[in-house]
Protein chains: 2
Amino acid sequence: MDRPELGYLLSRLMREVMAREKPILDGAGLEMWDYAVLTALADSDAPTQAQLAATTGRDKTRLIGNLDRLETQGMIVRQADSADRRNRIVSLTAAGSRVLRSCREAIGAMEAELLAGLEPADRAAFERALTDLVVTDR
Amino acid sequence: MDRPELGYLLSRLMREVMAREKPILDGAGLEMWDYAVLTALADSDAPTQAQLAATTGRDKTRLIGNLDRLETQGMIVRQADSADRRNRIVSLTAAGSRVLRSCREAIGAMEAELLAGLEPADRAAFERALTDLVVTDR
DNA sequence: TATTGTTATACTCTATAACTATA
DNA sequence: TATAGTTATAGAGTATAACAATA
């Protein structure tokens, strides 16, 4: 097959996706990485900051700015771990869950629109392949 | 369908592709964007720097560092345009073409390996969908 | 006056190394 | 001494404005 290289295609599509997400996240007062952190929090239960850094692939020092901002906005709380007081347990607040849910819906709709031009079978294969590639290359 | 968000999947896969490309480009003495510029030069014929900036999506001021480096390495030349002497026409040298071809081969092999785990039909659909999405969202 | 290529400046993002408090 | 979280510093990448040469 003769097509442009993966790096080119992926970076172009990534740019498009980010451009479409930006207004959604702006409306919620979230930066891109803030949203990634919220998403990770919804899945894993009460992680320490170190665990959160590991699951998001974000450096622990860079995570701090995101957490500070999210905490100021009342979307997360940081609590001391009574078992090991060096740890700080991060968790979503009700407000954080609400914002996250609304962003997820908007982003889901955006993605549906973005993929709407594909043949249904191609779209399913695309999503399946993309998921497989990311899982197997961990 | 319930899968991780596109932004997450694409950024993960993009990171993986870049990690696999890096040793190839390092071996050729190329940075990521240098390679993108070489690729663009192979397709479009004798562009000015402004045209090259437009086709790569790179800002004209940021392009300059790439061109300086590539010219120092003898992979491209910049020639004055006799028709409009404000323009500088950029073109690949024989050495540049050689390096580009060898990188393309290595990257093609890397991509084949990366995609090898997919069902053949899924792989074809994935490549088709990715190409369609990038073309239609221009 | 407008445009091409260039340089300069400031701003963001990232990487690294220290520092504190706990263990 | 080792670890979790934090802060500080320097570096890379980026955006913006200004500049010289040419149209």
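The chains referred to below are lettered A, B, ... by the order of the sequence lines, with proteins before strands, and numbering in each begins at 1. Everything quoted here is computed from the prediction, not taken from an experiment.
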Would you tell me if any nitrogen or oxygen in the side chain of [X] comes within less than 4.0 Å of OP1 or OP2 on [N]?
X       : N      : result
B:Arg85 : D:dT22 : yes
B:Arg78 : C:dT6  : yes
A:Arg88 : D:dT6  : yes
A:Arg62 : C:dA15 : yes

(message) On DNA chain C, does the nearest nucleotide to A:Lys60 precede the nearest nucleotide to A:Ser82 from the 5' side, or the other way round? Give the residue.
(response)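 Looking at DNA chain C, the more 5' nearest nucleotide goes with A:Lys60.
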Measuring from the side chain of [X] (C-beta onward, heavy atoms only), which nucleotide among [options] has the closest atom?
X       : options               : value
B:Ile64 : C:dT3, D:dT6, C:dT6   : C:dT6
A:Ala50 : C:dT14, D:dT14, D:dG5 : D:dG5
B:Gln49 : C:dG5, D:dA4, D:dT14  : C:dG5

Between [atom2] on [N] and [atom1] on [X], what's the gap in Å once rounded to a whole number?
X       : N      : atom1 : atom2 : answer
B:Trp33 : D:dA12 : CH2   : C1'   : 16 Å
B:Arg86 : C:dA2  : CZ    : P     : 13 Å
A:Asn87 : C:dT20 : CG    : C1'   : 15 Å
B:Leu63 : D:dA15 : CG    : C1'   : 15 Å
A:Met32 : C:dC13 : CE    : P     : 11 Å
A:Gln79 : D:dA4  : CD    : P     : 19 Å
A:Asp59 : D:dA10 : CG    : P     : 19 Å
B:Asp81 : C:dT3  : CG    : C1'   : 13 Å

Does [X] come within less than 4.0 Å of [Y], counting only side-chain N to carboxylate O?
X        : Y        : value
A:Arg104 : A:Glu111 : no
A:Arg123 : B:Asp132 : no
B:Arg20  : B:Glu16  : yes

(message) Checking the side chain of A:Asp122 only, and the main-chain atoms of A:Glu119 only, is there a donor and an acceptor separated by less than 3.5 Å?
(response)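 Not at all, since once roles are kept as given, no pair shorter than 3.5 Å links the two residues.
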(request) Would you kindly confirm whether A:Met18 and B:Leu6 end up in one hydrophobic cluster when ILVMFWY residues are joined by side chain heavy atoms under 4.5 Å apart? (result)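 Yes, A:Met18 and B:Leu6 fall within the same hydrophobic cluster.
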(request) Report which part of the nucleic acid A:Thr48 touches: base, sugar-phosphate, or nothing (heavy-atom distance under 4.0 Å, all strands). (result)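 Sugar-phosphate, backbone atoms only, no base.
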(message) With nearest nucleotide decided by heavy atoms, which residue, A:Asp68 or A:Asp84, maps closer to the 5′ end of DNA chain D?
(response)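 Nearest-nucleotide comparison on DNA chain D picks A:Asp84.
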